[in-house]
Amino acid sequence: MATTVVAGLKHPGLRGALGYRGFLRGACARGAQRSSARTPRSEPGPWPPGVEYIPRKKAKNPMKAVGLAWYNLYARTWLGYLLYRKQLQRARHRYPDGHSTVQPRVFNGVKVLPIPVLLDNYSYLIIDTQSKLAVAVDPSDPRAVQAYIEKEGVTLVAILCTHKHWDHSGGNRELRRQNRGCRVYGNPQDGIAHLTHPLCHQDMVSVGRLQFQALATPGHTRGHMIYVLDGEPYKGPSCLFSGDVLFLSGCGRIFEGTPATMLNSLDLIMGLGDDTLLWPGHEYAEENLSFAGLVEPENVAREKKMQWVQQQRLEHRSTCPSTIGEEKTYNPFLRTHCLALQEALGPLPGPGGDAGPSRARLLEELRRRKDQHKGK
Ligand SMILES: [Zn+2]
């Protein structure tokens with residue numbers, strides 16, 4: 001079967017991007033042994049320079065104590081799984097055909113198929129149409145994903161899981177049962193259910209002509225990973241499957257780690273090519289653009305995108321994909337370097353000295369306001 005894992009920096013947009021320091025060293029030992037073509041790196045360890053995981057014990061986490069306790073119950077106990085099962089039943093009843101109408105994209109023999117699952121999640125099936133081999137990203141409703149696998153007549157050989165939350169990993173077990181030999185990839189730091197193939201930062205997963213690079217992007221969870229499908233082999237745009245780190249005009253909540261951790265992960269994504277298509281884990285576009293309008297009301301790019309998104313949502317159509325280049329023009333979480341946004345947030349207390357608040361402090365404030373705007 002044409003599923004292999006090799007390591008090494010692949011995506012051209014990432015060369016020279018932020019370097020990594022190491023909190024995954026021990027955890028990735030298995031991955032290192034498995035990977036036979038590891039490219040020598042200037043620094044040991046799987047984290048890019050600048051992307052540093054800062055645990056809550058060492059730095060203040062913006063979550064309130066009650067929220068943190070509830071989150072720990074959801075993320076670390078079987079209560080979370082039971083809640084996910086309940087949500088799954090409710091969503092199947094409410095949206096028997098999915099919460100949105102989606103349009104697959106086909107590029108020279110590679111098909112990207114978004115699958116609307118739960119109340120607002122997206123799973124993805126990525127198909128090499130020549131070999132009929134497929135990869136699923138975050139298949140949280142196994143029934144819905146399996147239906148697409150059978151409809152497309154493809155063989156599922158790999159699941160790429162962005163992080164441990166049940167609305168992204170809940171279908172791993174059932175899909176593995178129904179698709180013999182299917183491997184589950186992800187970051188071992190996250191304790192992903194039914195993980196079979198742990199990945200390190202920059203590891204590659206190849207299935208037919210599909211070449212994915214896994215990048216560690218902590219902040220939403222400690223072991224969050226994103227996957228970049230390289231467009232070069234099929235002469236098309238690269239595709240970013242961003243899980244819960246980046247959405248259209250938004251970013252994920254900072255559950256594990258700090259604003260500085262999340263900022264580093266977002267900066268890593270900013271280093272990808274502007275043409276890269278963004279396929280996020282949730283349909284949050286309208287809500288996110290509405291919030292962006294509060295902090296940057298004069299942003300013309302945001303206004304234009306909002307008009308398009310509102311039309312799409314009126315007809316329950318999916319709003320993905322956007323591109324990284326587009327996101328830079330209206331996504332406030334990617335614009336903490338912009339003077340207009342800094343002025344809109346007003347004077348902020350905190351470390352920054354004469355240079356004003358740090359970008360991490362700005363991101364923290366943005367995220368705080370977004371959490372108050374609506375809990376997403
Ligand atoms: Zn999540």
Side-chain angles (χ1 to χ4, degrees), residues 53 55-56 61-64 67-88 91 99 114-124 136-142 145 159-173 184-195 199 214-227 240-259 261-266 268-269 278-285 287-288 320 331 333 363 367 370-371 374-376:
Y53 176 75
R56 280 199 305 273
N61 185 282
M63 288 182 72
K64 297 268 189 309
L68 200 56
W70 175 244
Y71 171 74
N72 284 333
L73 278 176
Y74 171 77
R76 299 180 206 282
T77 73
W78 277 89
L79 181 65
Y81 182 72
L82 295 176
L83 286 172
Y84 150 75
R85 292 294 307 177
K86 197 164 177 160
Q87 189 189 32
L88 191 58
H99 57 75
I115 303 174
V117 293
L118 299 173
L119 294 175
D120 50 28
N121 282 70
Y122 286 115
S123 302
Y124 296 94
V137 175
D138 288 350
S140 44
D141 183 343
V145 176
I159 292 170
L160 303 179
C161 203
T162 59
H163 64 295
K164 65 188 169 190
H165 292 159
W166 292 109
D167 62 325
H168 294 258
S169 64
N172 292 353
R173 179 186 176 184
V184 180
Y185 294 90
N187 191 333
Q189 285 293 319
D190 236 26
I192 292 168
H194 304 282
L195 184 77
L199 292 171
L215 298 172
T217 47
H220 180 68
T221 63
R222 176 185 169 90
H224 193 289
M225 268 190 161
I226 57 174
Y227 299 95
L240 167 63
F241 300 92
S242 63
D244 279 0
V245 163
L246 187 71
F247 307 120
L248 195 157
S249 192
C251 83
R253 295 188 72 180
I254 305 169
F255 289 126
E256 301 176 9
T258 66
T261 308
M262 181 61 102
L263 180 66
N264 285 330
S265 295
L266 294 174
L268 177 72
I269 292 174
L278 171 64
W279 301 94
H282 289 268
E283 178 59 65
Y284 288 161
E287 167 70 25
N288 285 344
C320 58
N331 187 330
F333 297 94
L363 182 70
R367 192 58 255 183
K370 178 68 175 65
D371 292 347
K374 198 161 184 180
K376 283 179 179 172

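First listed ligand is number 1; within each ligand, the first listed atom is number 1. Since the model is a prediction, treat every value here as computed from it, not as a measurement. For the single chain, residues carry numbers from 1 onward in sequence order.
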Whether the Asp244 and His224 side chains hold a donor-acceptor pair (N or O, under 3.5 Å, no angle test) is what I'd like checked.
no
Regarding Thr221 and Asp190, is there a side-chain donor-to-acceptor distance under 3.5 Å anywhere?
yes
Nearer than 2.8 Å to the Zn ion (ligand 1), the protein contributes N, O or S atoms numbering 4
Under the criterion side chain to side chain donor-acceptor pair (under 3.5 Å), which of Thr162, Asn172, Asn121 is the partner of Asp138?
Thr162
Testing the basics here: between Asp141 and Val117, what is the closest heavy-atom pair and its distance to 0.1 Å?
CB-CG1, 3.7 Å
Has Tyr74 got a side-chain atom pairing as donor or acceptor with Leu83's backbone, closer than 3.5 angstrom?
no
How would you list, by chain and number, every residue that makes a side-chain contact (heavy atoms from CB on, under 4.5 Å) with Ala193, sequence neighbours excluded?
Trp166
